Amino acid sequence: MAEKTIPLLPCQTIQPVIDFYMALGFEVTFLQKSPNPFTVVERGDIGLQFFGMKKYEPSESYSTCYVLTDDVDGLYEAFRAGLKAAYGKIPSRGIPRIGPLKDMSYGVRQFLMTDPGGNCIRVGQPTSEDLHHRPAPKETFARALHNATLFADSKEDPAGAAKIIDRVLGLEGERPTPAQLVRLLVLRSDVAGRLGDETTAVSALKKAAAVQLTDEERQSVSGDLERLKDLAGSEPKLEV
């Protein structure tokens with residue numbers, strides 16, 4: 001027997017969703033405009049189906065699905081390149097958007113993207129046979145990063161991540177390493193943008209860009225510095 005699961009996801013209108021997935025290298029294999037808007041997009045073995053709902057609000061969506069791959073880095077780079085070509089920049093905030101590629105604490109390397117319908121598409125590659133959560137680090141700032149990342153990029157709770165970061169950066173008598181500070185500030189900017197708090201988003205980016213790093217530290221946070229550039233690119237007046 002051979003079974004296959006295909007997610008059916010909602011959207012307000014079909015065309016923006018089609019445009020988004022075509023930018024990612026998908027093909028439209030079926031399109032029905034009336035009486036009920038419906039489309040199928042495919043890229044290799046990935047198949048997604050969408051139906052239109054006039055009163056649907058993408059910003060309030062909880063729809064999600066998970067795409068497993070054996071080349072998450074390759075898909076991430078291909079998707080980023082396609083979105084940049086289609087939108088003129090890599091959309092890192094609002095709807096649609098694509099998040100950072102991260103090694104999660106439960107044995108998966110993944111990224112999240114949100115399409116114009118507000119659907120969260122999680123794309124990941126297992127890095128371990130044990131997919132249980134790893135214990136949180138004991139060190140104060142490493143623990144905060146661990147937990148804030150889970151809130152932001154697994155639970156999709158940016159407000160929860162913001163609280164964790166604000167609390168740990170407000171501690172008296174303890175300071176993060178420069179690398180930890182950059183990672184915390186970039187993530188703080190990221191979640192602030194998702195929450196519509198542009199003042200905090202810009203402030204955190206400027207602080208992150210001002211942190212002095214050694215070459216070794218810069219290498220250790222290379223992914224976060226790349227994310228900093230993406231976030232700065234979504235702010236036309238911001239230079240970091």
Side-chain angles (χ1 to χ4, degrees), residues 2-69 72 75-76 78-102 104 108 110-124 150-162 190-198 201 230-231 233-234:
E3 289 79 26
K4 185 176 183 180
T5 298
I6 301 176
L8 277 71
L9 302 169
C11 61
Q12 192 174 77
T13 53
I14 291 291
Q15 193 58 49
V17 170
I18 289 176
D19 294 341
F20 178 82
Y21 284 96
M22 287 185 68
L24 300 179
F26 284 73
E27 294 183 28
V28 178
T29 57
F30 183 84
L31 174 60
Q32 174 179 289
K33 294 185 178 181
S34 64
N36 301 306
F38 181 82
T39 192
V40 178
V41 298
E42 296 180 336
R43 188 184 195 277
D45 291 331
I46 306 173
L48 301 171
Q49 300 184 6
F50 298 90
F51 58 94
M53 297 176 61
K54 289 183 179 180
K55 296 183 178 181
Y56 180 77
E57 178 48 60
S59 65
E60 298 176 2
S61 174
Y62 290 94
S63 301
T64 187
C65 74
Y66 206 100
V67 175
L68 284 175
T69 177
V72 70
L75 275 184
Y76 186 63
F79 286 0
R80 280 168 56 89
L83 291 173
K84 187 173 183 179
Y87 292 90
K89 62 180 180 180
I90 297 171
S92 58
R93 292 180 180 162
I95 298 176
R97 65 176 180 269
I98 185 168
L101 179 61
K102 291 186 176 181
M104 305 303 293
V108 173
Q110 72 173 27
F111 64 94
L112 277 58
M113 61 182 183
T114 299
D115 67 25
N119 305 294
C120 176
I121 311 299
R122 301 163 184 260
V123 184
L150 287 177
F151 271 75
D153 298 313
S154 184
K155 189 179 178 183
E156 283 248 285
D157 181 358
D190 196 341
V191 297
R194 298 188 214 177
L195 294 168
D197 181 359
E198 292 303 315
D230 287 349
L231 294 171
S234 67

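FYI, side chains are in, hydrogens and waters are out, and symmetry mates aren't considered; it's all heavy atoms of this structure. Since we're looking at a predicted model, the values are computed, not measured.
Put simply, the side chain of Gln110 never gets that close to the backbone of Ser154: no donor and acceptor are under 3.5 Å apart. Not one N or O on the side chain of Arg97 forms a donor-acceptor pair closer than 3.5 Å with the backbone of Arg194.
Thr39 contributes atom OG1, which lies 6.0 Å from atom CD1 of Ile14 (distance to the nearest 0.5 angstrom). One finds the CG atom of Leu48 at 9.0 Å from the CG atom of Asn119 (value rounded to the nearest 0.5 Å). With rounding to the nearest 0.5 Å, the separation of CD1 in Ile46 from OG1 in Thr69 is 6.5 Å. Remark: Leu83 CG to Met113 CE distance equals 7.5 Å, nearest 0.5 Å. Interatomic distance, CD1 of Ile18 versus CG of Asp115, reported as 12.0 Å (0.5 Å rounding). To the nearest 0.5 Å, the span separating CZ on Arg43 from CG on Leu75 amounts to 5.5 Å.
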After noting the C-alpha distance and the side-chain angles of Arg80 and Asp230, does the key distance pass the side-chain contact (heavy atoms from CB on, under 4.5 Å) rule?
CA-CA 10 Å; Arg80 280 168 56 89; Asp230 287 349; 2.5 Å; yes
Apply side-chain contact (heavy atoms from CB on, under 4.5 Å) to Leu24 and Val41, showing your working. CA-CA 11 Å; Leu24 300 179; Val41 298; over 6 Å; no
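Here Thr13 pairs with nothing under the side-chain hydrogen bond (donor to acceptor under 3.5 Å, both in side chains) rule; sequence neighbours left out.
Using the six-membered ring where Trp is involved, Phe26 and Tyr21 have ring planes that are perpendicular, over 60° apart on the 30 and 60° scheme.
Taking 4.5 Å as the limit, some side-chain heavy atom of Leu9 sits within range of a side-chain heavy atom of Ile121. Between Lys155 and Leu150 there is no side-chain heavy-atom pair separated by less than 4.5 Å. Lys33 has its side chain within reach of Leu31: a pair of non-hydrogen atoms, C-beta onward, lies under 4.5 Å apart.
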Only distances under 3.5 Å count here; give the side-chain donor-acceptor pairs of residues 51-62 to other protein atoms, sequence neighbours excluded, each with its distance to 0.1 Å.
{"from": "Tyr56", "atom 1": "OH", "to": "Ser61", "atom 2": "OG", "distance (Å)": "2.6"}
{"from": "Tyr56", "atom 1": "OH", "to": "Gly117", "atom 2": "O", "distance (Å)": "3.3"}
{"from": "Glu57", "atom 1": "OE2", "to": "Ser59", "atom 2": "N", "distance (Å)": "3.2"}
{"from": "Glu57", "atom 1": "OE2", "to": "Ser59", "atom 2": "OG", "distance (Å)": "2.9"}
{"from": "Ser61", "atom 1": "OG", "to": "Ser63", "atom 2": "N", "distance (Å)": "3.1"}
{"from": "Ser61", "atom 1": "OG", "to": "Gly118", "atom 2": "O", "distance (Å)": "3.2"}

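Taking all atoms of both residues into account, the shortest heavy-atom contact from Lys102 to Pro100 is CE-CG, 3.5 Å. Residues Cys11 and Phe50 share a closest heavy-atom pair of SG-CB, 4.3 Å. When all heavy atoms of Ala192 and Ala201 are compared, the pair lying nearest together is CB-N, 3.7 Å. For Val108 against Gly124, the heavy-atom pair with the smallest separation is CG1-CA, 4.1 Å. Closest approach of Val123 to Val72, counting heavy atoms only: O-CG2, 3.7 Å. Residues Pro96 and Phe20 share a closest heavy-atom pair of CB-CE1, 3.5 Å.
The environment of Met104 atom CE is dense: over 12 non-hydrogen atoms of other residues, nucleotides or ligands sit within 6.0 angstrom. For Gln15, the CD atom sits in a packed shell: over 12 heavy atoms of surrounding residues, nucleotides or ligands are nearer than 6.0 Å.
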